[in-house]
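Okay, structure first, notes after.
The structure presented is a predicted model; accordingly, all values stated were derived computationally and were not measured.
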Amino acid sequence: VQYCSKECQAKDWPSHKLACSPSSNASTLASSSSPSKRVLLINSIEWFDDMYAQFVQDLKSKCTVVRCPAKSKRVLDQLSSSKFDSILVADPELSTDKKASDAIRNFALEGGVVVLACQFSSSIEPLKFDLLFQKTWNLPWRFGDYHRTTFSLYPGTHEQFLTNSSLPKQISMKAVHVEK
């Protein structure tokens, strides 16, 4: 597991210790079994690890997760110094940071995957959501409503998702429903 700072490493310990099994050959074990996908997790919410411990543990079992607070300089440093396959934005604070938002938009335009999840959708103010997508991302999206609904895999999706037995065919969750 890599961190952008000692502060982020200390903050992650509560969730990491659940999955951590130190051994005498821990460095060999980590290098031989470390996942190849790299995810930048952007979050500054203090109680995030308490609420999303299982999610973070599952993500770390499948990807190399680099944690970064939602601060412009840290996000820009990470994006300029490392290669990531995807960015998970879990903190709505990022929506007010023009430089970091621009860097993340450019990452997506260059083919990277950006996921806005966790506390982002449930904590962002509708006006900030609208400004982020209309001004920064140049998309006609507006914050619709936020409610629980059941989502299903779309039949026209990639075959790999339809045949993956670990993916539920339906899931019930709260989400922001985007309007055009």
Side-chain angles (χ1 to χ4, degrees), residues 1-22 26 30 34-35 37-79 81-82 84-105 107-108 112-133 136-137 141 143-151 166-168 171-178:
V1 178
Q2 295 179 333
Y3 298 90
C4 63
S5 69
K6 287 191 181 287
E7 171 190 288
C8 286
Q9 183 177 5
K11 204 175 196 181
D12 183 48
W13 178 244
S15 67
H16 178 73
K17 71 181 175 185
L18 298 172
C20 185
S21 54
S34 62
K37 297 288 184 187
R38 290 178 45 86
V39 176
L40 179 61
L41 171 59
I42 301 173
N43 176 59
S44 296
I45 299 169
E46 289 187 25
W47 44 265
F48 180 85
D49 288 333
D50 294 332
M51 184 169 192
Y52 295 102
Q54 186 63 51
F55 169 72
V56 172
Q57 181 180 340
D58 290 348
L59 187 62
K60 287 179 179 178
S61 74
K62 294 174 177 39
C63 309
T64 299
V65 178
V66 178
R67 300 181 65 121
C68 182
K71 306 285 185 229
S72 184
K73 182 174 179 354
R74 293 271 182 86
V75 171
L76 296 172
D77 287 349
Q78 283 296 325
L79 290 176
S81 65
S82 299
F84 294 96
D85 298 288
S86 57
I87 298 174
L88 176 64
V89 181
D91 190 337
E93 181 181 327
L94 194 71
S95 67
T96 60
D97 187 323
K98 177 90 169 99
K99 287 181 181 178
S101 294
D102 284 345
I104 292 169
R105 181 203 63 222
F107 174 85
V113 174
V114 176
V115 178
L116 307 172
C118 303
Q119 288 306 115
F120 184 91
S121 61
S122 58
S123 298
I124 191 167
E125 297 170 24
L127 181 58
K128 288 180 180 177
F129 179 97
D130 294 352
L131 290 172
L132 174 68
F133 287 102
T136 303
W137 288 71
W141 296 355
F143 191 100
D145 57 351
Y146 179 76
H147 65 270
R148 177 171 296 281
T149 193
T150 299
F151 294 90
S166 68
L167 288 175
I171 188 166
S172 175
M173 66 181 178
K174 285 185 175 180
V176 171
H177 297 264
V178 178

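Expressed to the nearest 0.5 Å, how far OG1 of Thr150 lies from CE of Met173 amounts to 10.0 Å. Remark: Lys37 NZ to Asp85 CG distance equals 4.5 Å, nearest 0.5 Å. Rounding to the nearest 0.5 angstrom, the gap separating the OG atom in Ser72 from the NZ atom in Lys98 is 11.0 Å. Note: Leu76 CG to Asp97 CG = 7.0 Å, rounded to the nearest 0.5 Å. Cys68 contributes atom SG, which lies 8.0 Å from atom CG of Leu79 (distance to the nearest 0.5 angstrom).
Arg67 is listed as a side-chain neighbour of Asp49, based on a closest heavy-atom distance under 4.5 Å. Counting heavy atoms from C-beta on, the side chains of Leu132 and Ser101 come closer than 4.5 Å. When side chains are defined from C-beta on, Lys128 does not count as touching Pro92, because their heavy atoms never get closer than 4.5 Å. Between Phe129 and Val178 the shortest side-chain heavy-atom distance falls below 4.5 Å. The shortest distance between side-chain heavy atoms of Ile87 and Val75 does not fall below 4.5 Å. The side-chain heavy atoms of Met51 and Ile45, taken from C-beta on, include no pair separated by under 4.5 Å. Residues Phe133 and Leu116 have side chains in contact (heavy-atom distance under 4.5 Å, counting atoms from C-beta outward). Val176 places none of its side-chain heavy atoms less than 4.5 Å from the side chain of Phe120.
The minimum heavy-atom distance linking Arg74 with Pro69 is given by the pair NH1-CG, 3.2 Å. Of all non-hydrogen atoms in Phe48 and Ala90, the two that sit nearest each other are CE1-CB, 3.6 Å. In terms of heavy atoms, Phe84 sits closest to Val39 at CD2-C, 3.8 Å.
Asp130 places a side-chain N or O within 3.5 Å of a backbone atom of Phe143 that can act as its donor or acceptor partner. Without hydrogens or angle criteria, Arg38 side chain to Val66 main chain gives no donor-acceptor distance under 3.5 Å.
Looking at Leu40, Ile42, Ile104, Leu88 one by one, the single match for side chain to side chain contact (heavy atoms under 4.5 Å, CB included) with Val114 turns out to be Ile104.
A salt bridge does not link Asp102 with Lys99: none of the charged nitrogens is closer than 4.0 Å to a carboxylate oxygen.
Scanning for side-chain hydrogen bond (donor to acceptor under 3.5 Å, both in side chains) contacts around Gln119 gives Tyr52, Ser122, Ser123, with sequence neighbours left out. In this structure Lys73 satisfies the side-chain hydrogen bond (donor to acceptor under 3.5 Å, both in side chains) test together with Asp77, sequence neighbours excluded.
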